Each structure stands twice: as structure tokens, then as C-alpha cells.
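Have a look at the structure below, then the notes.
Everything numeric in this text was worked out from a predicted model, so none of it was measured.
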Amino acid sequence: MIATVLVAAALAQPQVLVVTETRGFVHDSIPAAKAMVASLGYRTTFLHGARELTAARLRGADAVVFLNTSGELRLDAAGKRRLLAYVRGGGAFVGTHSAADTFARWPAFQTMLGAQFRGHPPAGPGRVDVVDRGFTSTRSFAITDEFYVFRGRAKRHVVARVHGGGPLVWWRRYGRGRVFYDGLGHFIATWSDANQRGLVADGLRWAMRAGP
């Protein structure tokens, strides 16, 4: 009886598909990022590559996460249409850090995400100002990371920005779906930072319509 209840409780948790495929820069923080996402308590499936986002998997998914992906992932035209249709139809998509440096030759992906990676100054300490405190109670926090600069004019709601600089964390609607992007995540230590954990956790909940 107890085992049945535990199984039912586990199956009631949202199903999150996480892609960490890299065809460009490979972040050594990916294992730490995976561990943090796994600790959030969802039914998390880590995929070897974007091409594993099959129609069957997407039908059962509550969210898709591109966790520090990079470059032109192995996803054919049909797979690209499937991913956009999933989000546009009401799915949740979360991207972290170099997700903005993914599919640079696929403009529709960058439009869906809300911006495209343009470059970054040298990595180092910086300050992040939280604009929308519905996602975290912290008004501002210091962190060492690689702070991206973006190109793109898609409409987006800024959650946090680099102190004295541009947007770093945002959400946007895409059709009936919800997209959340967090530009932090370069270093291993970033993924044990409580503020980063809070942003990703709250962003994922929001994207799945269970958050602020």
C-alpha cells in the first residue's frame, strides 16, 4: 500500500526533459547544473541530445529545459517544428546561460527564447539587480559569472539585469506557451548559489504555470 502511494505521488510530479547537448563551447558546470535541477524534485529525464525530443516524449512533458546547451544541436527540420509547436501549443521552455548561444542559424529558436548571445566581457564578479521580485525576494546579489550581452528585440519581461547593464533573466509568452531564460550558469560554483537556484526553480515553476 505504501509503495503504491509513493509511486502515485512520484507520477503526479511534473515531467521535465533536460537537454545538455553541446555542439559549441562545453561548460564544465553542466554536471553541477544537472545535479541542481535534479534536486528540485521533479521527474527529470536527462536526454543525450535534442533529437531525443520525440513526439511521444513531448506529449508527456510538462517542461523542456536547455541546460547550458550550445551550437547547432542535432535536430532535424521535423524536430525543430515539433519543439516550436510544443511551446507554442502551451508547453514550458527554460533555457540557461549558453542556451542563448544555441541554434544561432535558426532564427525562430532565438525569437522563441527572446534573444541571441552576442558576446560577453571577461568573466568575473558582478552584481545582479532583481527587477521582478515575484521570482526571488532578493533585491540584489553579488555573483561571479560570465555576463552575456544579447541581440534581439523580442518582447520580454525582465526579471533581473546586470547592475548598470542589460537584461540577464527574463520570461516571455510564446503562443500559448511560457518561456523563461536565465543568463547565469558559467561556473560550477554558480549552481550552488542560492540565488541561482531560486531563479531557476521559480522560473521553471512559472513556465509550468505553478509559480508566481
Side-chain angles (χ1 to χ4, degrees), residues 18 20 22 24-37 39-40 63 65-71 92-104 109-174 178-208 210-212:
V18 180
T20 58
T22 54
F25 186 84
V26 181
H27 285 84
D28 62 4
S29 60
I30 289 175
K34 291 171 67 175
M36 194 280 279
V37 172
S39 74
L40 296 178
V65 178
F66 272 29
L67 197 66
N68 285 20
T69 55
S70 66
F93 184 92
V94 173
T96 67
H97 197 51
S98 55
D101 193 25
T102 300
F103 289 128
F109 175 83
Q110 300 298 336
T111 297
M112 184 267 290
L113 187 65
Q116 181 181 359
F117 168 79
R118 190 176 73 192
H120 61 79
R127 192 148 203 94
V128 175
D129 295 331
V130 178
V131 179
D132 184 346
R133 295 177 67 196
F135 284 81
T136 174
S137 60
T138 304
R139 187 182 300 275
S140 181
F141 61 90
I143 192 168
T144 297
D145 211 86
E146 189 178 69
F147 299 101
Y148 281 1
V149 178
F150 304 92
R151 61 167 62 92
R153 296 182 177 274
K155 184 178 180 181
R156 57 196 176 191
H157 174 89
V158 178
V159 173
R161 61 177 63 250
V162 179
H163 184 72
L168 183 68
V169 182
W170 62 76
W171 61 255
R172 68 185 310 271
R173 306 296 178 102
Y174 184 72
R178 293 185 172 200
V179 176
F180 184 88
Y181 173 78
D182 171 17
L184 296 169
H186 183 74
F187 292 113
I188 294 171
T190 304
W191 292 96
S192 59
D193 184 279
N195 295 295
Q196 169 70 348
R197 179 185 175 89
L199 285 169
V200 173
D202 286 349
L204 185 55
R205 282 197 296 269
W206 175 85
M208 295 190 295

Note to self: Evaluate Asn195 against Val128 for side chain to side chain contact (heavy atoms under 4.5 Å, CB included), listing each step before the verdict.
What the structure shows: CA-CA 10 Å; Asn195 295 295; Val128 175; over 6 Å; no

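- Atom CG of Leu199 and atom CG of Asp132 lie 10.5 Å apart (nearest 0.5 Å).
- Checking Leu67, Asn68, Ile30 one by one against Ser98, the side chain to side chain contact (heavy atoms under 4.5 Å, CB included) holds for a single residue, Asn68.
- Thr144 is not listed as a side-chain neighbour of His186, based on a closest heavy-atom distance of 4.5 Å or more.
- Considering every non-hydrogen atom in both Ala99 and Phe66, the closest pair reads CB-O, 3.7 Å.
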Next item on the list: Could you walk me through whether Phe150 and Tyr181 pass ring-ring contact (aromatic ring centres under 6.0 Å, His included), step by step?
Entry: CA-CA 12 Å; Phe150 304 92; Tyr181 173 78; 5.6 Å; yes

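- Across Val149 and Pro121, no two heavy atoms sit closer than the pair CG2-CD, 4.4 Å.
- Judged by distance alone, the side chain of Gln110 and the main-chain N or O of Thr102 form a donor-acceptor pair under 3.5 Å.
- The closest donor-acceptor contact from the side chain of Trp170 to the backbone of Leu113 lies under 3.5 Å.
- The shortest non-hydrogen separation linking Thr111 to Ala154 is O-CB, 4.0 Å.
- No cation-pi contact links Arg178 to Trp171, judged by a cut-off of 6.0 Å to the six-membered ring centre and 45° from its axis.
- Closest approach of Phe187 and Ala123 over heavy atoms only: CZ-CB, 3.7 Å.
- One distance of note links CG of Leu184 with CG of Asp145; it measures 5.0 Å at 0.5 Å rounding.
- Of all heavy-atom pairs between Ala142 and Arg127, the closest is CB-NH1, 3.3 Å.
- The heavy-atom pair separating Arg172 from Gly114 by the smallest distance is CD-CA, 3.5 Å.
- When the ring-ring contact (aromatic ring centres under 6.0 Å, His included) test is applied to His163, no partner is found at least two apart in sequence or on another chain.
- Rounded to the nearest 0.5 angstrom, Met36 CE and Ile188 CD1 are separated by 14.0 Å.
- The aromatic rings of Phe103 and Phe109 sit perpendicular to each other, their planes meeting at more than 60°, with 30° as the lower class boundary.
- For the side-chain hydrogen bond (donor to acceptor under 3.5 Å, both in side chains) test with Tyr148, the passing option among His120, His97, Gln116, Arg118 is His97; the others fail.
- Inter-residue side-chain proximity for Val130 and Phe141 is flagged as met; some heavy-atom pair is nearer than 4.5 Å.
- Applying the ring-ring contact (aromatic ring centres under 6.0 Å, His included) criterion to Trp191, with sequence neighbours excluded, gives no partner residue.
- No side-chain donor-acceptor contact under 3.5 Å links Asp182 and Thr96.
- Using a 4.5 Å heavy-atom cutoff, the side chains of Phe180 and Val169 are in contact.
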